[in-house]
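What follows is a set of notes on a single structure, which appears directly below.
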Amino acid sequence: MKTRRVSIVKSVMAADEVFARSLRDEMARRNILLLNLIGSPGAGKTTLLEETFKRCGFRSAVIEGDVATARDAERIAACGVPVVQINTRGGCHLEANLVSKALETISLEGLDVLFIENVGNLVCPSEFDLGEDYKVAICSTAEGADKPLKYPHLFHLCGAVVLTKKDLVPYVRFDRELFWKDVESLNGKASRIEVDSLSGEGITDWVRQVERWLDKKRDN
Amino acid sequence: MHEMSLVEAMMESLVPLCSSSGWDRVETVVLRVGALRQVVPEALVFCFETASAGTPLEGASLDIKEIPLRQSCRSCGEKWGGDQPLGRCPCCGSVETETVSGLELEIESLEVAVDENEKG
């Protein structure tokens with residue numbers, strides 16, 4: 001038996017990255033903006049989407065990632081937006097191969113924006129490339145202002161941070177200044193948006209951000 | 001806990017590579033893991049031991065090299081490490097920063113064993 005060292009330099013996730021690349025290529029070809037929404041369970045990801053669809057002019061579709069149930073997909077479908085639910089059955093994140101498979105059941109014809117609502121989790125989903133143009137970090141005031149520094153990977157890589165449930169600030173002792181200071185220390189480029197989805201406050205700022213990304217993608 | 005997904009992806013590329021290259025066994029897998037990646041080494045080793053059973057990678061050791069975080073400024077070219085804020089250049093204040101290293105998740109090399117007699 002003889003041993004030798006072989007140099008290979010290959011991404012650990014090479015197999016899934018093939019799917020991510022092909023998703024990115026397809027979205028580029030069709031001029032569709034792909035956004036990967038990541039946040040804790042209960043951060044308000046689905047509610048943000050529901051309110052977005054009441055106010056936006058762009059044509060959307062949604063891929064919903066959840067461990068179990070089709071509840072989120074039912075809420076999105078009630079908005080009249082095409083949606084496909086992925087149940088990961090215990091999996092803590094979506095992977096590009098799952099998204100590719102889900103897209104076989106949805107028409108991309110004439111779409112402007114495809115939203116992926118990832119499994120509720122601040123850690124694992126940010127590790128997997130889904131071919132998105134931007135990751136969006138969604139964090140609610142009730143979770144506490146310390147989340148950016150505790151979960152730096154997502155906040156460092158995202159294109160925008162949406163702070164939800166701003167109406168709860170008087171009740172949950174949320175240090176807004178600290179939150180945004182920590183976001184900036186990790187990512188000076190990310191857009192910073194505050195919303196109260198229930199009253200609709202701030203939703204227009206979010207919709208405008210999506211439109212800016214869409215314009216930018218279509219100009220290039 | 002996404003380490004099992006990482007290990008499964010790794011197996012998916014390494015097991016076929018072993019058979020196509022004629023390696024009988026892999027003794028060591030050297031990984032480069034960036035400081036910003038959320039990978040727990042103990043979990044990765046545990047998942048690897050489980051997933052490699054019955055493959056040419058069974059019993060191989062995982063050598064995990066942590067790659068430190070390095071940022072650089074697109075505006076002035078300044079370079080700095082993880083002790084400074086990542087999002088803003090400490091020299092010129094620009095937010096046009098990029099991560100030069102610290103996001104790696106790569107297989108760097110393998111130590112493989114080939115049975116000389118068997119292969120003639």
Side-chain angles (χ1 to χ4, degrees), chain A residues 1-20 38 67 88 90-98 118-119 121-129 137 148-159 161 180-192, chain B residues 1-14 16-17 21 23-40 44 69 71 82 84-89 93-99 102-119:
Chain A
M1 197 65 86
K2 199 175 160 189
T3 63
R4 60 191 161 100
R5 182 170 287 272
V6 189
S7 180
I8 51 176
V9 191
K10 181 174 190 162
S11 167
V12 166
M13 291 190 269
D16 201 53
E17 282 165 4
V18 173
F19 287 95
I38 302 174
V67 170
T88 59
C92 51
H93 60 272
L94 290 179
E95 294 181 17
N97 63 78
L98 296 174
N118 219 310
V119 179
N121 178 345
L122 278 176
V123 186
C124 314
S126 73
E127 292 282 342
F128 295 82
D129 183 10
L149 289 190
K150 287 174 104 171
Y151 302 93
H153 187 260
L154 170 64
F155 288 89
H156 176 56
L157 294 180
C158 67
V161 177
W180 290 120
K181 189 177 112 238
D182 288 347
V183 166
E184 197 193 313
S185 77
L186 290 165
N187 186 341
K189 272 181 295 186
S191 302
R192 295 167 227 165
Chain B
M1 173 67 180
H2 55 285
E3 281 79 0
M4 194 44 124
S5 302
L6 302 184
V7 167
E8 281 170 353
M10 206 159 82
M11 289 297 158
E12 228 171 280
S13 62
L14 290 184
L17 189 64
S21 310
W23 303 327
D24 294 297
R25 229 159 15 86
V26 174
E27 297 194 336
T28 312
V29 180
V30 183
L31 293 179
R32 292 161 51 85
V33 179
L36 210 57
R37 296 309 288 236
Q38 307 165 108
V39 174
V40 181
L44 202 63
L69 189 57
Q71 286 287 110
Q84 301 264 10
L86 310 179
R88 192 174 281 277
C89 173
S94 167
V95 295
E96 291 302 322
T97 70
E98 64 184 332
T99 304
L103 286 171
E104 296 80 356
L105 194 52
E106 296 163 355
I107 306 163
E108 183 188 86
S109 62
L110 303 172
E111 234 162 63
V112 299
V114 181
D115 188 339
E116 297 286 285
N117 301 330
E118 190 188 306
K119 301 279 175 316

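Numbers restart at 1 for each chain; the letters A, B, ... are given by sequence-line order, proteins then strands.
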- Greatest number of heavy atom pairs closer than 4.5 Å to chain B - which of A:L157, A:V183, A:T3: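 Greatest number of close heavy-atom pairs with chain B: A:T3.
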- Item | Residue selection (most heavy-atom pairs with chain B, distance under 4.5 Å) from A:H156, A:M13, A:E95 |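 The answer is A:H156.
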- Query: Is any side-chain heavy atom of B:I107 less than 4.5 Å from a side-chain heavy atom of A:V12?
  - Reply: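 With C-beta onward as the side chain, the pair touches.
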- Task: Find out whether A:D182 and A:F155 are in side-chain contact, i.e. whether some heavy atom of one side chain is under 4.5 Å from a heavy atom of the other.
- Result: no
Side chain from CB out, backbone as N, CA, C, O: work out which of these in [X] comes under 4.5 Å of a heavy atom of chain A, or both, or neither.
X     : value
B:Q71 : side chain
B:T97 : backbone
B:V7  : neither

Return the option, out of [options], with the maximum number of heavy-atom pairs under 4.5 Å with chain A.
options                     : answer
B:R25, B:E106, B:R37        : B:R37
B:E111, B:E3, B:E108, B:Q38 : B:Q38
B:S5, B:S13, B:G102         : B:S5

Ignoring hydrogens and angles, tell me if any N or O in the side chain of [X] forms a donor-acceptor pair with the backbone of [Y] under 3.5 Å.
X      : Y      : answer
A:N118 : A:L94  : yes
A:N121 : A:H93  : no
A:R192 : A:V161 : no

- Message: Going by the rule salt bridge (Lys or Arg N to Asp or Glu O under 4.0 Å), which residues pair with B:E104 if we only count those two or more places apart in sequence or in a different chain?
- Response: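 Once residues adjacent in sequence are excluded, B:E104 has no partner under the salt bridge (Lys or Arg N to Asp or Glu O under 4.0 Å) criterion.
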- Just jot down the salt bridge (Lys or Arg N to Asp or Glu O under 4.0 Å) partners of B:R88, sequence neighbours excluded, or say none.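 For B:R88, the residues satisfying salt bridge (Lys or Arg N to Asp or Glu O under 4.0 Å) (neighbours in sequence not counted) are A:E184.
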- Item | chain B contact via A:N187 - side chain, backbone, both or neither, heavy atoms under 4.5 Å |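 The backbone, not the side chain.
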